[in-house]
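Keep in mind that the numbers below use all heavy atoms, side chains included, and drop hydrogens, waters and symmetry copies. Note that the structure is a prediction, hence the values are computed from the model and not measured. So you know, we letter chains A, B, ... as the sequences are listed, proteins then strands, and number each from 1.
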Amino acid sequence: MLRLHDTATGTVRPLELRNEGEVSMYVCGPTVYDLPHIGHGRANLTFDILRRYLSFTGLRVHHVANVTDVDDNIIKRASELGRTEPDVAAEFEDRWWESMDALGDLRPQDVPHATQYIEDMVALVGDLMARGMAYETPDGVYLEVSKVDGYGLLAQQSLESLQAGARVEANEDKRSPLDFALWKKAKEGEPSWESPWGRGRPGWHTECVVMSLDLLGEGFDLHGGGQDLMFPHHENERAQAVADGKAFARHWMHHGWVEVEGTKMSKSLGNFSTLPDLLARCDARAYRLLVLRAHYRSPIEVTPETLADAEKALARLDGLARRFDVAEILARTPDGYVVGGTPPATDIDPGASAAFRAHMDDDLDTPGALAGIFELVTAAHSAADAGDEGEGGRLARTAAVLAAALGLSLRAADTVVDTESAQLVAERDEARRTRDFGRADALRDELVARGWTVEDTASGTAIRR
RNA sequence: GGCGGCGUGGCCGAGUGGUUUAGGCAGGGGCCUGCAAAGCCCCGUACGGCGGUUCGAUUCCGCCCGCCGCCUCCA
C-alpha cells in the first residue's frame with residue numbers, strides 16, 4: 001500500500017481509500033492567463049507519475065484537474081491585450097495542454113472549468129450565508145474564518161498565530177484579515193454573473209470545493225498541488241467544505257517547486273522560463289527524468305547543466321532499447337490511456353519489481369526507484385555480455401516496464417536513414433571487410449559530420465542520431 | 001514576528017545509528033575494439049559548525065552559522 005506524506009497531519013501515512021481499488025484525486029490546475037512555466041511542468045509530471053504508479057499497482061484512478069477561467073489575472077491580461085476574457089482563457093488553456101501533452105502527461109478524465117460551475121458556487125455561498133458562516137460587505141461576501149473548526153490545519157498553525165502574521169489590509173469591512181472572498185461584486189466592465197448579492201464573480205477558493213465535490217463526491221481520497229497552495233488556497237477550500245458540513249479530502253499532497261539559483265521560480269518574481277521554451281530545447285523525457293531524480297517534496301534546480309545531465313542519463317536508458325527489444329513497452333487502461341503495463345509476472349524480475357514498489361510505496365521515492373532501474377540496465381548488459389541473452393532480455397524488459405510505470409518510455413534510435421547515409425554505411429562496411437581502415441575512418445568522419453553517431457556492431461556499422 | 005524546510009564526495013541527488021556500496025553525470029585505470037563508439041569491471045571513503053546522548057552518529061537531542069519557503073496572486 002502506498003504511504004504518502006499528508007499535509008493535514010504532517011506525517012507519512014497510508015493513503016486510505018474511500019472505495020477499495022479506486023483512487024479519486026483532485027489536482028489544482030492552472031489559471032489560464034499566460035504560458036505554462038517550468039514549475040507547472042514539474043507539478044503536472046509529479047501528479048502524472050503518481051497517477052501512473054497507482055494504475056501500475058492495479059488501482060483505477062479518477063483524476064480531476066480544474067481550469068480557472070475567471071479570475072483577476074485573466075481580467076487584467078484581457079484588458080492589456082484588448083481582448084475578451086474567454087478569448088484569452090481559451091488561448092492559454094490550449095497552450096497549456098499542448099505543453100502537458102508534450103511532456104507525456106495523461107489528461108485528467110475530467111477538467112471542470114470555473115465558469116461552468118457559477119450556479120453551484122452561488123448556491124454554496126448562499127448555504128454558507130444561511131448557516132451564518134459568511135457575511136456580506138459592500139464589495140463582496142466573505143467567509144468568517146474564526147467560525148471554522150480547525151482553521152489552520154494545512155498551514156500547521158493556530159488561528160491565533162495566523163492572525164498575528166496576517167498583514168494589515170486596507171479592507172476594513174472584513175471582520176478579520178484572514179476572512180476571504182467567496183463572492184466578489186463586479187466593478188464596471190468586469191465579467192459578472194447574477195447572484196443574491198448582486199452581479200459579480202466567485203472567489204478563487206470556491207470553485208475547487210464545488211467542482212471536486214461534484215465530480216468526486218464527499219470524502220474523496222486525495223487533493224494535491226504545489227506547496228504554495230497549502231495556504232491560503234487549500235486551507236480556504238477546506239474551510240468552506242467544513243463550514244458547509246461536508247467531508248472533504250482525506251489526504252493532502254503538496255510538492256516542492258522549481259528553483260532558479262536557489263530561489264523559487266514564480267511569476268511574481270519574473271524569474272521563470274516557459275515550458276514551450278524548455279521543450280524546444282530538450283527531450284521532454286529528460287525533464288521527466290530530472291523530476292524523477294529528486295523527491296517530489298524537494299526543490300529542484302532546472303538549469304542547462306542539470307538538463308544536459310539528465311539527457312545523458314536518458315541516453316543510457318535508450319541504449320538499453322537499442323540493444324534489447326524493449327522500446328515503448330506500454331499498455332492501455334480501460335479508458336484508453338497509455339500507461340505502464342504489467343506484463344506476465346514470469347516475464348519480469350520479481351525481486352527488482354518488488355524493490356521498485358517498495359521505494360514507490362514509501363512516499364513516492366522516485367530517486368530510489370530510478371536507481372533500481374539503472375541497476376537493472378547494468379545487470380542486463382552484464383548478462384548479455386556474459387552470453388546470456390535471455391537473462392539480459394528479461395532484465396531489460398523489467399527495466400523498461402518499471403520505467404514505463406513512471407511514464408518514461410525508452411526509445412531505440414531513429415531508424416530513418418536517408419539513402420546517401422545508407423550508401424556511406426554500405427561503403428564503410430565494405431572498406432572494413434577489406435581492412436581498408438583509412439577509408440573506413442574517413443567514411444565514419446563523413447557520417448559524423450552528417451550528425452550521426454556511429455557504432456560498429458556484430459552486424460556491421462550502425463548509425464543513430 | 002509566527003510556522004515550515006534545507007545544508008551530503010567535482011556536479012546533481014537519495015539514504016541510514018555501526019558491518020559492502022544509493023543512483024546518474026563528470027573524472028582516473030582496465031577489458032573489449034583495427035581505431036573508436038556502446039557496453040562491462042575497478043577507483044573517490046562525503047555527510048555546515050560546536051557540544052550532548054551512545055560502546056558507536058552523517059543518521060537522535062541542543063545550540064550556532066548559512067540558505068530557502070509560506071504567512072499576499074503563485075505549481
Checklist entry - Base, sugar-phosphate, or nothing for A:Thr457, non-hydrogen atoms under 4.0 angstrom? => result nothing
Item to check | Rounded interatomic separation in angstrom, taking CD from A:Gln227 and P from B:G69 | outcome: 12 Å
Item to check | Any A:Thr378 side-chain nitrogen or oxygen under 4.0 Å from OP1 or OP2 of B:C40 | outcome: yes
Next on the checklist: With side-chain contact (heavy atoms from CB on, under 4.5 Å) as the criterion, how do A:Phe56 and A:Leu402 come out once you've worked through the C-alpha distance, each side chain's angles and the decisive distance to 0.1 Å?
Outcome noted: CA-CA 9 Å; A:Phe56 175 77; A:Leu402 299 181; 3.9 Å; yes
Next on the checklist: Once you apply a heavy-atom cut-off of 4.0 Å, does A:Ser266 come out as touching a base, just sugar-phosphate, or nothing?
Outcome noted: base
Checklist entry - Heavy atoms under 4.0 Å, any strand shown: does A:Ala371 hit a base, just sugar-phosphate, or nothing? => result base
Checklist entry - Which sits closer to the 5' end of RNA chain B, A:Thr306 or A:His255, going by the nucleotide each is nearest to? => result A:Thr306
Next on the checklist: Applying a 4.0 Å non-hydrogen cut-off, can you work out what A:Gly262 is touching in the nucleic acid: base, sugar-phosphate, or nothing?
Outcome noted: sugar-phosphate
Item to check | Nearest-nucleotide pick for A:Arg432, side chain only, options being B:C35, B:A14, B:A26 | outcome: B:C35
Item to check | Value in whole Å for how far the P atom of B:A75 lies from NE2 of A:His233 | outcome: 9 Å
Item to check | Rounded distance (Å) that lies between atom P of B:G13 and atom NE2 of A:His295 | outcome: 14 Å
Next on the checklist: For a quick check, tell me whether the side chain of A:Arg316 and the base of B:C25 share a donor-acceptor pair closer than 3.5 Å.
Outcome noted: no
Checklist outcome for this item: From NE2 of A:His359 across to C1' of B:G13 the rounded distance in Å is 13 Å
Next on the checklist: From C-beta outward on A:Pro232, which listed nucleotide comes closest to its side chain: B:G13, B:C73, B:A22?
Outcome noted: B:C73
Checklist entry - A:Trp257 CH2 to B:C73 C1': how many Å, rounded? => result 13 Å
Next on the checklist: Let's test your reading of the pairing rules: Watson-Crick or G-U wobble, both distances under 3.5 Å, then write RNA chain B as a dot-bracket string with ( ), [ ], | and dots.
Outcome noted: (((((((..(((.....[....))).(((((.......)))))....(((((..]....))))))))))))....
Checklist entry - Under a 4.0 Å N-O cut-off, is there an ion pair linking A:Asp34 with A:Arg95? => result no
Next on the checklist: Distance check needed: B:A22 P versus A:Arg293 CZ, whole Å only.
Outcome noted: 17 Å
Item to check | Candidates B:G69, B:G34, B:G24 - which lies nearest the side chain of A:Ala440 | outcome: B:G34
Checklist entry - Side-chain donor or acceptor of A:Asp365 under 3.5 Å from a matching atom on the base of B:G15? => result no
Checklist entry - Just checking A:Val27: base, sugar-phosphate only, or nothing, at a heavy-atom cut-off of under 4.0 Å? => result nothing
Item to check | A:Glu420 atom CD: more than 12 heavy-atom contacts under 6.0 Å | outcome: no
Next on the checklist: Strictly below 4.0 Å: does A:Arg433 bring a side-chain N or O up to OP1 or OP2 of B:G34?
Outcome noted: no
Item to check | Separation of the C1' atoms in B:C12 and B:C73, to the nearest angstrom | outcome: 32 Å
Checklist entry - Picking from B:A37, B:C70, B:C71, which would you name as closest to the side chain of A:Lys264? => result B:C70
Item to check | Candidate nucleotides B:C68, B:C70, B:G34, ranked by approach to the side chain of A:Arg435 - the nearest | outcome: B:G34
Checklist outcome for this item: Heavy-atom nearest pair, A:His254 first then A:His234, reads NE2-ND1, 2.7 Å
Next on the checklist: Does A:Ala294 reach a base, just sugar-phosphate, or nothing at all? Heavy atoms under 4.0 Å.
Outcome noted: sugar-phosphate
Next on the checklist: Check the orientation of A:Tyr53 and A:Phe356. Use parallel for under 30°, tilted for 30 to 60°, and perpendicular for over 60°.
Outcome noted: perpendicular
Next on the checklist: For a quick check of understanding: with a heavy-atom distance under 4.0 Å over all strands, which category does A:Thr263 fall into, base, sugar-phosphate or nothing?
Outcome noted: sugar-phosphate
Next on the checklist: I want to check one thing: is the phosphate of B:C73, taken as OP1 and OP2, less than 4.0 Å away from some side-chain N or O of A:Lys76?
Outcome noted: no
Checklist entry - If you pin A:His381 and A:Gln156 to their nearest nucleotides in RNA chain B, which one's is more 5'? => result A:Gln156
Can you list, pair by pair, the side-chain donor-acceptor contacts under 3.5 Å of residues 437-447 of chain A, counting residues two or more places apart and other chains?
residue	atom	partner	partner atom	Å
A:Arg439	NH2	A:Glu427	OE1	2.8
A:Asp441	OD1	A:Arg444	NH2	3.2

Checklist entry - Counting side-chain heavy atoms from CB outward, which of B:A75, B:A14, B:A37 is closest to A:Thr453? => result B:A37
Checklist entry - Got a donor-acceptor pair under 3.5 Å from the side chain of A:Asp309 to the base of B:G24? => result yes
Checklist entry - With respect to the side chain of A:Ser382, which nucleotide from B:A75, B:C41, B:C3 is positioned closest? => result B:C41
Item to check | A:Ala243 versus A:Leu143, closest heavy-atom pair with distance | outcome: CB-CD1, 4.2 Å
Next on the checklist: Would you call the rings of A:His205 and A:His233 parallel, tilted or perpendicular, taking 30° and 60° as the class edges?
Outcome noted: tilted
Checklist entry - Does the B:C35 base have a donor-acceptor partner in the side chain of A:Asp456 within less than 3.5 Å? => result yes
Checklist entry - Taking atom P of B:C73 as reference, at what distance in whole Å does atom NE2 of A:His234 sit? => result 14 Å
Item to check | B:G7 to B:G15 separation - P atoms, rounded to the nearest Å | outcome: 10 Å
Item to check | Candidates B:A75, B:A22, B:A37 - which lies nearest the side chain of A:Pro367 | outcome: B:A22
Next on the checklist: Just to verify, which of A:Asp71, A:Asp72, A:Asp139 counts as forming a side-chain hydrogen bond (donor to acceptor under 3.5 Å, both in side chains) with A:Lys184?
Outcome noted: A:Asp72
Item to check | Stepwise side-chain hydrogen bond (donor to acceptor under 3.5 Å, both in side chains) test for A:Ser161 and A:Gln157 | outcome: CA-CA 6 Å; A:Ser161 82; A:Gln157 289 194 66; 2.8 Å; yes
Item to check | P-based separation of B:C40 from B:U45 [nearest Å] | outcome: 24 Å
Next on the checklist: Between the base of B:G23 and the ring of A:Phe374 - centre-to-centre under 5.5 Å, planes within under 30° - is that a stack?
Outcome noted: no
Checklist entry - With respect to the side chain of A:Asp441, which nucleotide from B:C35, B:C73, B:G69 is positioned closest? => result B:C35
Next on the checklist: Would the base of B:A38 count as contacting A:Arg322 through its side chain, where contact means a donor and an acceptor less than 3.5 Å apart?
Outcome noted: no
Next on the checklist: If I take atom CD in residue A:Glu375 and atom C1' in nucleotide B:U20, what distance separates them, rounded to the nearest angstrom?
Outcome noted: 13 Å
Next on the checklist: Can you tell me how the ring of A:His255 sits relative to the ring of A:Phe47, calling it parallel under 30°, perpendicular over 60° and tilted otherwise?
Outcome noted: perpendicular
